[in-house]
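Note sheet for the following structure.
Counting starts at 1 for both ligands and their atoms, in listed order. Predicted, not measured: the structure shown is a model, and the values here were computed from it.
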Amino acid sequence: MGAKKVGVFGCGMIAELGHLPALKHVAGIQLQAVYDVSWNRALAMQNKFQISHAYPTEKACWESDIDAVIICTPAPFHLANVVQAAKYGKHVLCEKPLAMNEADILRMMATMEDAGLMLFTGFTYRFSGSAREIHRLVRSGAVGEVRALRLTYLWNLHGKWNWNEKGERIASPLRVGRMLEGGPMVDCGVHQIDLARWWLGSEVKWQRGIGVWVEDYQAPDHLYLHMGHACGAHTTVEVSFSYNATSREPRTHFQYELIGTDGVIRYNREEHSFELRNSHGTQWLAWHPEKNFAGMHGEFAHALATGEPRDMPTAKDGLIATRIARLATEEAMRDREATSKAHPSMLVRAADAVGLDIASPLDLDEPNEDPAPILSTDMERTKK
Ligand SMILES: NC(=O)c1ccc[n+]([C@@H]2O[C@H](COP(=O)([O-])OP(=O)(O)OC[C@H]3O[C@@H](n4cnc5c(N)ncnc54)[C@H](O)[C@@H]3O)[C@@H](O)[C@H]2O)c1
């Protein structure tokens with residue numbers, strides 16, 4: 001069977017750095033077309049990656065003979081793009097998050113199903129050699145029964161500031177846009193949520209989201225998500241967009257830890273370390289970057305050729321991860337609202353619960369100039 005012809009819809013950062021270079025080298029796929037609402041951008045990507053067709057209009061791209069499309073537009077456009085793909089009979093691999101809300105994702109799924117077409121979610125982390133090795137190790141019982149996952153991704157989303165053409169400092173539009181789309185759990189944490197479900201092969205039965213506002217956005221820019229799985233394991237996902245967001249020399253923190261009844265699997269992106277420690281000893285495993293676009297497109301090619309999704313993340317996987325991420329974010333925002341409106345009597349009850357005397361100044365060696373109780377100081381801070 002010949003290679004399937006695919007087009008890339010939206011030629012921004014992730015298309016240029018992730019999808020387009022990978023698609024050039026995947027067996028079973030012919031990268032045939034690009035489209036972007038910016039014609040110049042489409043042309044630039046056509047030239048850079050030597051692609052036979054760039055289309056000046058969306059309609060021309062849909063009417064072309066591509067079999068499938070990879071949607072790399074910003075999330076607010078995904079629904080409209082998928083509806084068009086269904087109309088023109090194209091299978092879809094759509095970047096995460098699938099859409100801006102659950103109703104839109106359900107509509108995307110129903111539209112594609114009615115058209116007899118496949119819709120996948122671009123959870124590229126699943127295809128990292130290290131993530132696949134973790135999947136295998138968990139199934140082989142290498143750390144016994146997995147009881148806890150600690151998945152951490154703290155970074156600065158390319159920093160808080162940008163500079164305009166006049167050299168003036170402005171708030172980074174990328175950061176503002178991603179915070180409006182839901183913040184770090186919806187944008188990045190969905191990958192970790194998907195990994196936890198995939199590695200454990202176990203659905204999330206309960207969840208709790210706790211937010212921290214390093215900057216005063218509507219959504220939290222630093223978030224903890226706790227998930228209890230049907231198998232009894234517990235996952236913590238910690239994500240941030242504001243870790244070193246103003247630092248001159250920022251560092252990121254990206255780690256997976258799987259803690260089992262016989263040892264720990266530990267992957268650290270920054271240290272390039274990947275290890276298995278159990279009762280037999282320690283094994284240093286082959287480290288791979290956390291994403292693998294070529295691997296994902298190889299699996300996409302297989303699905304296009306056979307109709308079998310195998311390990312491709314389905315639209316349902318995208319729906320579940322986005323639902324969990326949004327619920328966690330909304331829960332954190334509701335709690336922030338509730339605590340900022342808390343009556344002082346609630347603070348007293350909370351202080352009682354942890355044995356604090358909030359009527360007394362802080363117990364420091366030096367006399368305290370500011371007699372504000374520790375709890376109300378914290379509450380004031382979260383009110384901002
Ligand atoms: N999987 C990952 O690791 C990963 C990483 C970054 C971004 N993403 C996701 O990829 C998507 C795109 O992100 P990005 O960072 O590349 O954004 P971007 O803003 O850099 O690029 C988006 C591109 O889409 C074009 N565009 C906008 N509206 C369009 C429309 N209606 N039709 C056609 N083109 C349109 C823009 O001109 C732009 O070139 C988002 O959903 C984002 O969450 C995924």
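Taking the six-membered ring for Trp and the full ring otherwise, Tyr224 and His222 have centroids separated by under 6.0 Å.
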I'd like a table of donor-acceptor pairs (distance under 3.5 Å, sequence neighbours excluded) in which one partner is a side-chain atom from residues 108-122, with atom names and distances.
residue	atom	partner	partner atom	Å
Thr111	OG1	Arg107	O	2.5
Thr121	OG1	Thr314	O	2.8

### Candidate pair Glu133 and Arg136, rule salt bridge (Lys or Arg N to Asp or Glu O under 4.0 Å), full reasoning
CA-CA 5 Å; Glu133 179 63 0; Arg136 192 190 68 75; 2.9 Å; yes
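A donor-acceptor contact closer than 3.5 angstrom is absent between the side chains of His191 and Glu290. Judged by distance alone, the side chains of Thr252 and Glu270 do bring a donor and an acceptor atom under 3.5 Å apart. Side-chain contact check for His53 and Gln46: no donor-acceptor pair (N or O, by modelled atom type) lies under 3.5 Å.
Residues lining ligand 1 at a heavy-atom distance below 4.0 Å are given as Phe9, Gly10, Cys11, Gly12, Met13, Ile14, Tyr35, Asp36, Val37, Arg41, Cys72, Thr73, Pro74, Ala75, Phe77, His78, Glu95, Lys96, Pro97, Gly122, Thr124, Arg178, Asp187, His191, Lys291, ordered by chain and residue number.
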